Amino acid sequence: MLRGAFLLLLAGCAGSAAPAQRPSPKGALVPRDTVEALKRIEQEIGAANIRRDKAYFAQVEADEFRFTDANGGITTKAEDIAGLDETPTSTLESYVADSMTVRVYGSTAVVWGRVTMSGRRAGGSRFSVQSRFTDVFVVRNGRWQLVAGHSSRLPPPEA
């Protein structure tokens, strides 16, 4: 999730009154705190992208993590983290994940939603982009780890 370098083209919190538990696709109840924890991780991913926080990504991404970009390129965990050392071509100032849906399947969860990122290009001009993302998490040693992610950039709104 360098998404740092790659997420600068990528992906929350949907503010809704949620019941104590939410039904999963098969009807089993998923604790509200599980849904909120996964949404919180998505928000933390955004903050870590802004900070270019290698330690955060080293923790949240599983060793087998793969990120697939909209062009079909694949990035490993090692490549993702190493990319944070590269000189950025732009500065990410805001990262907002929203319109999120969380589905939990035992010890696996899928989160999809939209992210809006904005900042400044090297020349000083401002940018704002939106993407749709899908992230897959598994529980390991009592915490959620990201094993796969995908992002597709949305076209700019028509004027």
Side-chain angles (χ1 to χ4, degrees), residues 1-70 73-84 88 91-119 128-154 157:
M1 255 188 259
L2 177 181
R3 285 192 195 182
F6 294 103
L7 256 197
L8 201 38
L9 300 175
L10 169 69
C13 236
S16 63
Q21 295 184 331
R22 294 179 180 225
S24 74
K26 293 184 180 180
L29 294 179
V30 176
R32 178 177 164 187
D33 60 340
T34 299
V35 171
E36 295 307 316
L38 288 158
K39 288 181 179 181
R40 186 172 44 256
I41 291 170
E42 293 293 350
Q43 293 298 335
E44 291 168 355
I45 286 169
N49 273 302
I50 291 170
R51 293 188 314 269
R52 302 179 63 80
D53 187 342
K54 290 169 46 173
Y56 180 80
F57 290 108
Q59 171 213 330
V60 77
E61 291 177 356
D63 290 341
E64 72 274 21
F65 170 76
R66 297 293 184 272
F67 176 74
T68 305
D69 65 36
I74 297 175
T75 304
T76 66
K77 176 181 181 174
E79 292 166 335
D80 191 41
I81 293 171
L84 291 168
T91 302
L92 185 61
E93 297 172 345
S94 174
Y95 181 113
V96 178
D98 63 11
S99 301
M100 293 197 355
T101 301
V102 176
R103 293 290 183 257
V104 178
Y105 307 90
S107 62
T108 302
V110 179
V111 181
W112 62 92
R114 178 181 63 186
V115 65
T116 303
M117 294 176 286
S118 61
S128 181
V129 296
Q130 284 190 320
S131 298
R132 294 273 181 208
F133 69 91
T134 304
D135 285 337
V136 180
F137 294 87
V138 296
V139 173
R140 295 221 175 106
N141 300 318
R143 64 184 172 94
W144 290 103
Q145 279 203 297
L146 186 60
V147 294
H150 180 269
S151 174
S152 295
R153 192 164 172 177
L154 295 170

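Note that the coordinates shown come from a computational prediction; the quantities given were computed from them, not determined experimentally.
- Counting only heavy atoms from C-beta outward, the side chains of Leu154 and Arg114 approach each other to under 4.5 Å.
- Between the OG atom in Ser118 and the CG atom in Leu92 there is a gap of 7.0 Å [rounded to 0.5 Å].
- Contact annotation: the side chain of Phe57 approaches that of Ile45 to within less than 4.5 Å [non-hydrogen atoms, C-beta and beyond].
- For the residue pair Glu93 and Ile50, the shortest heavy atom distance occurs at O-CD1, 3.8 Å.
- Of the possible donor and acceptor atoms, none in the side chain of Lys54 sits under 3.5 Å from a partner among the backbone N and O of Ala82.
- With 3.5 Å as the limit, one finds a donor-acceptor pair spanning the side chains of Thr116 and Gln130.
- Considering only heavy atoms from C-beta on, Ile81 comes within 4.5 Å of Glu61 through its side chain.
- With hydrogens and angles disregarded, a donor-acceptor distance shorter than 3.5 Å links the side chain of Arg66 to the backbone of Glu64.
- Taking all atoms of both residues into account, the shortest heavy-atom contact from Ala62 to Lys77 is O-CD, 3.4 Å.
- Taking both residues in full, the closest heavy atoms of His150 and Asp135 are given as N-OD1, 4.2 Å, listed atom of the first, atom of the second, then distance.
- Atom CZ of Phe137 and atom CZ of Arg143 lie 11.5 Å apart (nearest 0.5 Å).
- Residues Arg52 and Pro88 come closest through the heavy atom pair NH1-CB, 3.9 Å.
- Going from atom CD1 of Ile41 over to atom OH of Tyr56 covers 5.5 Å, rounded to the nearest 0.5 Å.
- Looking at every heavy atom in both residues, Gly149 comes nearest to Phe65 through N-CE1, 4.0 Å.
- In this structure, the separation between CD on Glu79 and CD1 on Ile74 is 9.5 Å, given to the nearest 0.5 Å.
- The minimum heavy-atom distance between Val136 and Leu146, with the atom names listed, is O-CD1, 3.4 Å.
- Counting heavy atoms from C-beta outward, Lys39 and Gln43 have side chains that stay 4.5 Å or more apart.
- For the pair Val35 and Arg32, the minimum side-chain heavy-atom distance is 4.5 Å or more.
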